[in-house]
Amino acid sequence: MGWAIALHGGAGDIPKDLPPELRQPREASLRYCLQMAVDALKAQKSPLDVVELVVRELENNPYFNAGRGSVLTNNGTVEMEACIMDGNTKNCGAVSGLTTVVNAISLARLVMEKTPHIYLAFEGVEAFAREQGVETTDSSHFITPQNIERLKQAKEANKVQVDYNTRPIPKDDKTPAPRGDTQLGTVGCVAVDSFGHLATATSTGGLVNKMVGRIGDTPIIGAGTYANKLCAVSATGQGEAIIRATVARDVAALMEYKGLSLKEAADYVIEESAPKGTTGLIAVSAIGEVTMPFNTTGMFRACATEDGHTELAIW
């Protein structure tokens, strides 16, 4: 048994020729966040504190689709969502429809710790944020030139756009629109300490040109985010597919009811349950195992364990 950490910056159809100016800042951020997480775990920070710390940092990075870099709805607005969960207690908090909150993940934790509820959304959660005094800003802070251009491309093609698509969408493209949320750029983190305590956190801006009010898998307990005493999971990919497959909970259920190992359970969900090309996940177990499978072209991911294993990869 030992500590372990894993984080992701989204899964999807990541082109192998992704330009260095798009790839390198994300890799650098994952590397920085991984070291931050390792240092925090070594300093005896709780897994819940660690996953919140890492996801806050990723939310502040405009290269990921969460917080500062959140993509835009069909109205040109942001609607951010996040979820955090403690494995030991199964306490959890989730938020959706945020337009002014700088760090959605920290507000999700406040929902968990300061209210009798699990999930708050839209006007209610914005009011709660003001009551709690969390950092907010004008919504224009989240509307970056890159995401304005992505929305413009998606509207011209009349489809929901794959996030972080580096190529223009042909106007006469007759291929079907992506079903649901590709979410390349969604961020997540899972952690376990030396005592086997587990936690998970996920945050996202959703998908380009999504309908106003659309909610994805990220804040849905058991779909995009889940933790119990056996494992902690954060998923990324096409939100509707992840919700249908109850991806995160199924990993835990296969361990709990079928006795599978973390890797066996995660591989089964990715290879047999979630439709091909839709899903990736990161997971850690109570005994310090880590796995990061995906059935998409790639997934920005990184991990480290107490025994010295580290990894940072995309494809």
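These numbers come from the heavy atoms of this one structure, side chains and all, not from hydrogens, waters or symmetry mates.
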Point to revise | Closest non-hydrogen atom pair between D217 and A223, with its separation | key: O-CB, 4.0 Å

Check your understanding: Where do A37 and V54 come nearest, in terms of heavy atoms and distance?
Key -> CB-CG2, 3.7 Å

Check your understanding: Quick one: do the E57 and N61 side chains pair a donor with an acceptor below 3.5 Å?
Key -> no

Review point. So, S106 versus E52: side-chain donor-acceptor pair below 3.5 Å or not?
Key: yes

Exercise for review: Might you point out which heavy atoms bring H309 and D307 nearest each other, and give the distance in Å?
Suggested key: N-OD1, 3.3 Å

**Study point:** Sidechain N-carboxylate O distance under 4.0 Å for D49, K45
**Key:** no

Review point. Side chain of Q132, backbone of A129: donor and acceptor closer than 3.5 Å?
Key: no

Point to revise | Candidate pair I148 and I143, rule side-chain contact (heavy atoms from CB on, under 4.5 Å), full reasoning | key: CA-CA 7 Å; I148 291 171; I143 300 174; 3.6 Å; yes

Review point. Do you reckon I242 sits in the same ILVMFWY cluster as I270, going by side-chain contacts under 4.5 Å, direct or chained?
Key: yes

Exercise for review: Using the side-chain contact (heavy atoms from CB on, under 4.5 Å) rule, take C83 and I221 through it: C-alpha gap first, then chi angles, then the decisive distance, then the call.
Suggested key: CA-CA 8 Å; C83 184; I221 304 299; 3.2 Å; yes

Check your understanding: Does the side chain of V190 reach to within under 4.5 Å of the side chain of I5, using non-hydrogen atoms?
Key -> no

Study note, to complete from the structure: Separation between CD (Q146) and CG (L72), nearest 0.5 Å, reads 10.5 Å

Review point. With a 4.5 Å limit on heavy-atom distance, are the side chains of C92 and I84 in contact?
Key: no

Check your understanding: Do you reckon V187 sits in the same ILVMFWY cluster as V50, going by side-chain contacts under 4.5 Å, direct or chained?
Key -> yes

Review point. Salt bridge check: are R244 and E240 linked by an N-O gap of less than 4.0 Å?
Key: no

Point to revise | Note, N60 side chain near V102 side chain (heavy atom, < 4.5 Å) | key: yes

**Study point:** Cluster link L230 to L198, ILVMFWY, side chain under 4.5 Å
**Key:** no

Practice item. Please answer whether the main-chain N or O of L98 pairs with a side-chain N or O of E79 as donor and acceptor at a distance below 3.5 Å. Key: no

Practice item. Looking only at non-hydrogen atoms, find the nearest pair between T291 and A266 and report the distance. Key: CG2-CB, 3.7 Å

Check your understanding: Side chain of H8, backbone of I282: donor and acceptor closer than 3.5 Å?
Key -> no

Exercise for review: May I have the step-by-step check of side-chain contact (heavy atoms from CB on, under 4.5 Å) for R301 and L30, ending in yes or no?
Suggested key: CA-CA 7 Å; R301 64 199 187 276; L30 291 179; 5.8 Å; no

Review point. Within the distance-only criterion (no hydrogens, no angle test), does the side chain of N295 pair as donor or acceptor with the backbone N or O of P275 below 3.5 angstrom?
Key: yes

Practice item. Determine yes or no for a side-chain-to-main-chain donor-acceptor pair under 3.5 angstrom, with N88 supplying the side chain and H197 the backbone. Key: no

Practice item. Compare all side-chain heavy atoms of Q153 with those of N209 and state whether any distance is below 4.5 angstrom. Key: no

Point to revise | Interatomic distance, I118 atom CD1 to M112 atom CE [nearest 0.5 angstrom] | key: 10.5 Å

Practice item. Find the distance between CZ (F128) and CG (L107) and round it off to the nearest 0.5 Å. Key: 6.0 Å

Check your understanding: In terms of side-chain heavy atoms, does S140 have a donor or acceptor partner in D138 at a distance below 3.5 Å?
Key -> yes

Check your understanding: What's the spacing between I215 CD1 and T204 OG1 if we round to 0.5 Å?
Key -> 12.5 Å

Check your understanding: Side chains of S234 and T200: donor-acceptor distance under 3.5 Å anywhere?
Key -> no

Practice item. Find the distance between CG (D193) and CG (L48) and round it off to the nearest 0.5 Å. Key: 11.0 Å

Review point. Any side-chain donor-acceptor pair under 3.5 Å between D13 and T297?
Key: yes

Exercise for review: Say whether S203 and E59, considering side chains only, have a donor N or O and an acceptor N or O under 3.5 Å apart.
Suggested key: yes

Practice item. Flag the pair E27 and R31 as a salt bridge only when some basic side-chain nitrogen lies within less than 4.0 angstrom of an acidic carboxylate oxygen. Key: no

Check your understanding: Where the side chain of W315 meets the backbone of M299, is there a donor-acceptor pair that is under 3.5 Å apart?
Key -> no

Check your understanding: Is there a path from F122 to V95 through hydrophobic residues (I, L, V, M, F, W, Y) whose side chains come within less than 4.5 Å of each other?
Key -> no

Check your understanding: Hey, are Q238 and T279 close enough side-chain-wise for a donor-acceptor pair under 3.5 Å?
Key -> no

Practice item. Could you tell me whether the side chain of T225 and the main chain of T218 form a donor-acceptor pair under 3.5 Å? Key: yes

Check your understanding: With no hydrogens and no angle check, is any side-chain donor or acceptor of D250 less than 3.5 Å from a backbone partner on A252?
Key -> no

**Study point:** Any M85 side-chain heavy atom under 4.5 Å of Y226 side chain
**Key:** yes

Exercise for review: Would you indicate whether the side-chain heavy atoms of T137 and T100 approach each other to under 4.5 Å?
Suggested key: no

Practice item. For D86 and K229, run salt bridge (Lys or Arg N to Asp or Glu O under 4.0 Å): C-alpha distance rounded to whole Å, both residues' side-chain angles, the deciding distance at 0.1 Å, then the answer. Key: CA-CA 9 Å; D86 178 84; K229 290 184 178 181; over 6 Å; no

Check your understanding: Does T202 reach the side chain of V55, with side-chain heavy atoms less than 4.5 Å apart?
Key -> no

Practice item. Flag the pair I220 / Y119 as yes when at least one side-chain heavy-atom distance between them is below 4.5 Å, and no otherwise. Key: yes

Point to revise | Residues S96 and E81: side-chain donor-acceptor under 3.5 angstrom | key: yes

Point to revise | More than 12 heavy atoms from other groups under 6.0 Å of OH on Y32 | key: no

Revision key, fill the gap. Output for pair (R150 CZ, N65 CG), nearest 0.5 Å, gives 8.0 Å

Exercise for review: Would you kindly say whether S29 and Y63 are connected by a side-chain donor-acceptor distance under 3.5 Å?
Suggested key: no

Review point. Which atom names give the shortest non-hydrogen contact between A245 and S273, and what distance separates them?
Key: CB-OG, 3.8 Å

Check your understanding: When you check the gap from the basic side-chain N to the acidic O, do R249 and E256 get nearer than 4.0 Å?
Key -> yes

**Study point:** Test item: side-chain donor near acceptor, N75 and T77, under 3.5 Å
**Key:** no

Review point. Is the count of non-hydrogen atoms from other residues, nucleotides or ligands lying under 6.0 Å from M1 atom CE greater than 12?
Key: yes

Exercise for review: Please test V71 against F142 for side-chain contact (heavy atoms from CB on, under 4.5 Å), starting from the C-alpha separation and ending with a verdict.
Suggested key: CA-CA 8 Å; V71 298; F142 304 102; over 6 Å; no

Study note, to complete from the structure: Note: L41 and W3 closest approach over all heavy atoms is CD1-CE3, 3.9 Å

Review point. Under a 4.5 Å side-chain heavy-atom rule over Ile, Leu, Val, Met, Phe, Trp and Tyr, are M36 and V51 clustered together?
Key: no

Practice item. Can you establish whether the number of heavy atoms outside E123 located under 6.0 Å from its atom CD is more than 12? Key: no

Exercise for review: Without swapping roles, check the side chain of N103 against the backbone of I105 for a donor-acceptor pair under 3.5 Å.
Suggested key: no

